[in-house]
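Working notes, structure below.
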Amino acid sequence: MILVYDGSFEGFLTLVYEVYYEKLKPTKVYKTLPNEMIFEKILEIETSKEKYEKVFNALKIKFPKDCFEKILNIFMCDSKEFEMALLEYVIIGFKDFKQLYNINNSCVFFLNSLEKELFRLVHKMYAFIRFEELEDGTLYGKIESKFNIVYFLGKHFLKRFNNQNFIIHDLNRKLAFVKIQNDFSVQEVAFFDEPNYSSNEQKFQKLWKSFFSAVTIKERINPKLQQNLVPLVYRTYMSEFFD
C-alpha cells in the first residue's frame, strides 16, 4: 500500500494516526505521486486537526525531549525522502521509547545521520550568509539551501543581532525569518519585490571586498582548495565573490 499526504507536518502526523490505529502496512509514503506506473493500492491521507493534535500531544508526553525534537528537525530535511524511516521511528517510540537510542535499528541510524547533516549545513551557513543593509537599517540576508534552515539561522542571529532588525529569506521555499524589534517569526513570502538598499550598502560591500583582497596571499592562491572549503553552491549571495 502507498500512502500520499500533503507534505505538511500536520499531514504527516495524521498519517501516523491512520497507520497506528488502522493497522495500515504502507510500503512507501509520498508527498506527490511519481510519474510512473503504480500497481499497488494508493490511499490519500486527508489532514485532520483532531487526529494530528492527538498524535502531537502523545509525542510530547511519551517521547523524551531530544527524540521529540529530532522528529521536528528531520521534518526540516524536506529535500530528502525520510517519511518511511520517520514513520517507523515514531511507531517504535510508542512501543518502547528506549529503542529510539538503538543505533542498530536502521531507521534510528538513518535519522541520526540525517539530523547531523542538517546541523552541519546550519553551521556552515552561519559563516556563509551575507547580510545587506536596507533603507530603514534592517539587515537582509538571502539564502537558497538544501534544507529548510531559516528558523535555525534566525535563532542563531537573534543572539548576535539582539538590538538589530533583520530578515533571513529562503528564496526557494518563499519563507523568511523576520525579527522586528522584540518580535520574531517565520513567515511565508508569496510575493517579493527587490528591496531598496541603503546608500551605505555599496560602501560596506566595497570595504569587505577590499579586506578580502588585502588578506589574500597571491603566492598561496589555491582555487581547488578554496572551492572545497567554500563550494560554489554557497557563493551565490556571498558578496566577496561578486564581480
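All residue numbers refer to positions in the sequence shown, counting from 1. Any value given below was found using the heavy atoms of this structure, including those in side chains, with hydrogens, waters and symmetry copies removed.
Every pair passing side-chain hydrogen bond (donor to acceptor under 3.5 Å, both in side chains) that includes a residue from residues 183-192 is listed here, sequence neighbours excluded: Ser185-Gln187.
The structure places CZ of Phe166 at 10.5 Å from CZ of Arg160, a figure rounded to the nearest 0.5 Å. Rounding to the nearest 0.5 angstrom, the gap separating the CD1 atom in Ile129 from the NE2 atom in His169 is 11.5 Å. If you take CE on Met125 and CZ on Phe119, they are separated by 15.0 Å, rounding to the nearest 0.5 Å. With rounding to the nearest 0.5 angstrom, the CZ atom of Phe68 is 10.5 Å from the CG atom of Asn73. The CG atom of Leu229 lies 9.0 Å from the CG atom of Asn222; values are rounded to the nearest 0.5 Å. In this structure, CG on Asp78 lies 7.0 Å from NZ on Lys31, to the nearest 0.5 angstrom.
Annotation for Ile92 and Cys107: closest pair CD1-SG, 3.8 Å, computed over non-hydrogen atoms. Minimum heavy-atom separation, Gly11 to Ile45: O-CG2, 4.5 Å. Heavy atoms only, all atoms of each residue included: Leu111 and Ala85 are closest at CD1-O, 3.9 Å. Residue Ser239 comes nearest to Gln205 through the heavy atom pair CB-OE1, 4.0 Å, listed as atom of the first residue, atom of the second, then distance.
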- request: Let me see the working for Glu44 and Tyr5 under side chain to side chain donor-acceptor pair (under 3.5 Å), right down to the final yes or no.
  value: CA-CA 6 Å; Glu44 294 189 21; Tyr5 77 113; over 6 Å; no

- request: Could you walk me through whether Asn105 and Glu88 pass side chain to side chain contact (heavy atoms under 4.5 Å, CB included), step by step?
  value: CA-CA 10 Å; Asn105 188 301; Glu88 183 181 351; 3.7 Å; yes

task: Evaluate the criterion side chain to side chain contact (heavy atoms under 4.5 Å, CB included) for residue pair Cys67 and Tyr89; output intermediate values, then yes/no.
output: CA-CA 10 Å; Cys67 296; Tyr89 183 83; 3.4 Å; yes

task: Start with the C-alpha gap between Glu81 and Lys28, add the side-chain angles, then the distance that decides, and say whether salt bridge (charged side-chain N to carboxylate O under 4.0 Å, His left out) holds.
output: CA-CA 10 Å; Glu81 292 184 0; Lys28 292 181 181 178; over 6 Å; no

task: Given salt bridge (charged side-chain N to carboxylate O under 4.0 Å, His left out), test Glu18 with Lys51 step by step and report yes or no.
output: CA-CA 8 Å; Glu18 296 292 350; Lys51 292 176 181 178; 2.4 Å; yes

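Residues Asn112 and Glu115 bring no donor and acceptor atom of their side chains to less than 3.5 Å of each other. For the residue pair Thr14 / Glu46, no side-chain donor-acceptor distance below 3.5 Å is found, with atom types taken as modelled. Side-chain N/O atoms of Gln202 and Tyr197 include no donor and acceptor closer than 3.5 Å. Residues Thr138 and Asp136 have side chains that bring a donor and an acceptor to within less than 3.5 angstrom of each other. A donor atom on one side chain and an acceptor atom on the other are not found under 3.5 Å apart for Tyr140 and Asn165.
In the hydrophobic clustering of ILVMFWY residues, with side-chain heavy atoms under 4.5 Å counting as a link, Trp208 and Leu134 come out apart. Tyr101 and Leu86 are not part of a single hydrophobic cluster, where members link through side-chain heavy atoms under 4.5 Å apart. Residues Leu225 and Met238 are members of one and the same hydrophobic cluster, defined by side-chain heavy-atom contacts under 4.5 angstrom among Ile, Leu, Val, Met, Phe, Trp and Tyr. Both Phe131 and Val186 sit in one connected hydrophobic cluster of ILVMFWY residues. Membership requires side-chain heavy atoms under 4.5 Å apart, directly or through other members. Hydrophobic clustering places Val108 together with Leu59 (ILVMFWY residues linked when any side-chain heavy atoms are closer than 4.5 Å, directly or through intermediates).
With Gln164 contributing its side chain and Gly137 its backbone, the two residues share a donor-acceptor pair below 3.5 Å. Using modelled atom types, no side-chain atom of Glu40 and backbone atom of Ile2 make a donor-acceptor pair closer than 3.5 Å. Here the side chain of Lys179 pairs no donor or acceptor atom with the backbone of Phe157 at under 3.5 angstrom. Remark: side-chain polar atoms of Arg235 are paired, donor with acceptor, to backbone N or O of Val230 under 3.5 angstrom.
Ring geometry, Tyr17 versus Tyr21: the interplanar angle falls from 30° to 60°, so the pair is classed tilted.
Aromatic ring centres of Phe75 and Phe82 lie closer together than 6.0 Å. Remark: aromatic rings of Phe63 and Phe97 are distant, center separation not under 6.0 Å. Not less than 6.0 angstrom separates the ring centroid of Phe12 from the ring centroid of Tyr52.
In this structure the side chain of Phe9 reaches within 4.5 angstrom of the side chain of Ile71, judged on heavy atoms. Side-chain atoms of Leu15 and Val29, non-hydrogen and from C-beta on, do get closer than 4.5 Å to each other. Leu175 places none of its side-chain heavy atoms less than 4.5 Å from the side chain of Val189. No side-chain heavy atom of Phe184 sits less than 4.5 Å from a side-chain heavy atom of Val178. Residues Lys70 and Leu100 fail the side-chain proximity criterion, which asks for heavy atoms closer than 4.5 Å. Contact of the Phe241 side chain with the Thr236 side chain is not registered, since no non-hydrogen atoms from C-beta on lie closer than 4.5 Å.
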Atom pairs and distances, donor-acceptor, side-chain atoms in residues 141-154, under 3.5 Å, two or more places apart:
| residue | atom | partner | partner atom | Å |
| --- | --- | --- | --- | --- |
| Glu144 | OE2 | Tyr237 | OH | 2.6 |
| Ser145 | OG | Phe147 | O | 2.5 |
| Lys146 | NZ | Glu117 | OE2 | 2.4 |

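With a 6.0 Å radius and a threshold of 12 heavy atoms from other residues, nucleotides or ligands, Phe109 has its CZ atom at or below the threshold. Heavy-atom neighbours of Leu232 CG from other residues, nucleotides or ligands within 6.0 Å: above the threshold of 12.
Geometrically, Lys116 does not engage Phe110 in a cation-pi contact defined by less than 6.0 Å to the ring centre and at most 45° from the axis.
Salt bridge status for Glu240 with Lys209: absent, with no side-chain N to carboxylate O gap under 4.0 Å.
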